[in-house]
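Only heavy atoms go into these numbers, but all of them, side chains included; no hydrogens, no water, no symmetry mates.
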Number of protein chains: 2
Amino acid sequence: MSAAPLTIGEAARRTGVSAKMIRWYEATGLLPPAVRSESGYRHYGEADLHTLRFIRRARDLGFSVDGIADLLALWRDRARPSAGVKAIAQEQIADLRRRIAELEGMARTLEHLSDACCGDDRPECPILDDLAAADRAPMPRPSRRGLPGRGPARKSV
Amino acid sequence: MSAAPLTIGEAARRTGVSAKMIRWYEATGLLPPAVRSESGYRHYGEADLHTLRFIRRARDLGFSVDGIADLLALWRDRARPSAGVKAIAQEQIADLRRRIAELEGMARTLEHLSDACCGDDRPECPILDDLAAADRAPMPRPSRRGLPGRGPARKSV
DNA sequence: ATGGGGGTTCCCATCATGGGAAGGTCAAGG
DNA sequence: CCTTGACCTTCCCATGATGGGAACCCCCAT
């Protein structure tokens with residue numbers, strides 16, 4: 001057994017987690033410190049690759065790093081009750097549904113406005129009229145809490 | 001006319017844009033430098049409030065600050081063709097739809113997994129089994145490009 | 001032995017937002 | 001007049017997950 005230890009770049013290639021992120025996960029405690037060669041290179045074995053793929057998959061399902069830490073702990077505890085895992089998953093689902101609903105609301109509003117705008121050479125524009133409408137209640141901003149949202153924004157719309 | 005000039009806090013209260021953000025919008029050029037009193041306090045008039053409400057509304061529709069800058073420019077240009085505005089709105093809609101589809105995919109997958117997990121005292125858990133499945137292709141991460149995603153993440157899942 | 005590819009650390013940027021410190025200003029009340 | 005407290009100013013820092021890049025070290029193959 002004990003396959004040849006892989007360097008971080010190789011581990012990155014095989015798991016789809018970038019070398020940069022592997023280092024970061026280690027620095028922030030999501031991963032235990034990797035074994036080092038004499039010269040300081042990190043080395044990874046099969047078990048590490050497994051963990052990295054787990055992380056990668058969880059990220060793809062939208063879990064935050066904190067959530068993944070919880071999942072990893074449960075994963076390593078072979079006696080865990082599945083109820084705990086299911087609860088985490090359902091919180092995540094609820095979170096996703098909340099975010100979807102928020103975006104859906106925005107999209108629908110914009111679609112209405114866009115449909116009402118003829119989009120030709122003339123300056124009349126219901127979209128701008130809506131944005132500029134002065135009669136909006138200054139609601140206390142529905143608190144953006146709980147919207148991870150991943151990924152840097154596009155450069156410009 | 002010329003109503004009494006408002007302080008930044010008052011403007012914030014009336015527009016739903018926090019004082020902090022008003023200063024930041026000014027610092028980054030989204031807003032022109034505000035008029036100052038002798039002692040350095042920023043003062044805002046009706047036109048400024050109007051602009052701030054415009055910004056607030058656009059943020060609520062998910063536009064990035066860059067997008068809002070474009071919209072503001074069009075708004076101020078009374079001769080603009082509405083086509084430009086409509087194009088921006090439709091890009092934004094497409095962006096929202098893309099993000100929704102991504103989240104929807106995650107939610108559906110998780111729902112399948114969650115449904116398959118009995119969530120009791122026993123340790124068997126299809127959710128963890130899926131996350132741990134080793135046979136995943138290390139696809140080059142579907143490039144998170146173009147997903148603004150607003151708002152800081154929740155503290156922990 | 002030399003070159004190139006890849007490792008290491010450290011710093012910086014993103015995007016929109018809030019928290020907080022240190023210090024100046026203003027209006028109301030004693 | 002002076003205090004008090006609310007409000008303003010600027011400046012720095014943190015968030016989350018990610019990438020970019022510099023400066024430097026290491027290892028293997030020609």
| note | Contacts satisfying ring-ring contact (aromatic ring centres under 6.0 Å, His included) that involve residues 87-126 of chain A (not counting sequence neighbours) are none
| said: Quick check on D:dT18: is either OP1 or OP2 less than 4.0 Å from any side-chain nitrogen or oxygen of A:Arg59? | reply: yes
| note | note: A:Leu6, atom CG; C:dG5, atom P; distance rounded to Å ~ 21 Å
| field | Pairwise ring-ring contact (aromatic ring centres under 6.0 Å, His included) hits with a residue in residues 69-98 of chain B, at least two apart | value | B:His50-B:Trp75, B:Phe54-B:Trp75
| message | Is B:Arg23 close enough to D:dT9 that one of its side-chain N or O atoms is under 4.0 Å from OP1 or OP2 there? | response | yes
| said: My understanding is that only residues two or more places apart in sequence, or in another chain, count here; which of them pass salt bridge (charged side-chain N to carboxylate O under 4.0 Å, His left out) with A:Arg42? | reply: A:Glu26
Filtered N/O pairs between nucleotides 27-30 of chain D and protein, under 3.5 Å:
residue: D:dC27; atom: OP1; partner: A:Ser39; partner atom: OG; Å: 2.8

| Hey, does the side chain of A:Ser82 reach the backbone of B:Arg122 with a donor-acceptor pair shorter than 3.5 angstrom? | yes
| Can you find a side chain N or O atom of B:Ser18 that sits less than 4.0 Å from OP1 or OP2 on C:dT17? | no
| Quick one: A:Phe63 CZ to D:dA17 P, roughly how many Å, whole number? | 13 Å
| note | Between CG of A:Asp66 and P of D:dT15 the distance, given in whole Å, is 11 Å
| Looking at CZ of B:Arg99 and CD of A:Glu102, how far apart are the two atoms once the value is rounded to the nearest 0.5 Å? | 9.0 Å
| request: Measure the distance from CH2 on A:Trp24 to C1' on C:dT14 and round it to the nearest whole Å. | output: 14 Å
| said: Suppose the criterion is side chain to side chain donor-acceptor pair (under 3.5 Å): which pairs have a residue in residues 27-37 of chain B, not counting sequence neighbours? | reply: B:Ser37-B:Ser39
| note | Here the distance between atom P of D:dT18 and atom CD1 of A:Ile22, to the nearest Å, is 12 Å
| message | Which residues pass the salt bridge (charged side-chain N to carboxylate O under 4.0 Å, His left out) test with A:Glu104, not counting sequence neighbours? | response | A:Arg108, B:Arg97
| note | Sorted by chain and number, sequence neighbours left out, side-chain hydrogen bond (donor to acceptor under 3.5 Å, both in side chains) with A:Ser114 holds for B:Gln90
| Under the salt bridge (charged side-chain N to carboxylate O under 4.0 Å, His left out) test, which residues partner A:Asp130, sequence neighbours left out? | A:Arg136, B:Arg57
| task | Can you sort out the partners of B:Asp129 under side-chain contact (heavy atoms from CB on, under 4.5 Å), two or more places apart, ordered by chain and number? | result | none
| task | Return the value, rounded to whole Å, for the distance between atom CD1 of B:Ile8 and atom C1' of D:dT10. | result | 12 Å
| said: Taking salt bridge (charged side-chain N to carboxylate O under 4.0 Å, His left out) as the definition, give me every residue that meets it alongside B:Asp77, ordered by chain and number, with sequence neighbours left out. | reply: none
| task | Specify the angle, to 10°, made by the local axes at the two ends of the helix from C:dA1-D:dT30 to C:dG30-D:dC1 when five pairs are taken at each end. | result | 30°
| Think A:Arg36 has a side-chain N or O under 4.0 angstrom from the OP1 or OP2 of C:dT9? | yes
| said: Please report the distance, rounded to the nearest Å, between CG in B:Asp60 and P in C:dA16. | reply: 14 Å
| message | With a 4.0 Å cutoff (strictly under), does any side-chain N or O of A:Arg56 reach OP1 or OP2 of D:dT18? | response | no
| request: Grab the CD-C1' distance between B:Glu26 and C:dA16 for me, whole Å please. | output: 17 Å
| According to a strict under-4.0 Å criterion, is B:Thr7 in side-chain N/O contact with OP1 or OP2 of D:dC8? | yes
Using the 3.5 Å cut-off, write out each protein N or O paired with an N or O of nucleotides 20-22 of chain C and the distance between them.
residue: C:dG20; atom: N7; partner: B:Lys20; partner atom: NZ; Å: 3.4
residue: C:dG20; atom: O6; partner: B:Lys20; partner atom: NZ; Å: 2.4

| query | Checking B:Arg56 side chain against B:Gly16 main chain: does a donor-acceptor pair fall under 3.5 Å? | reply | yes
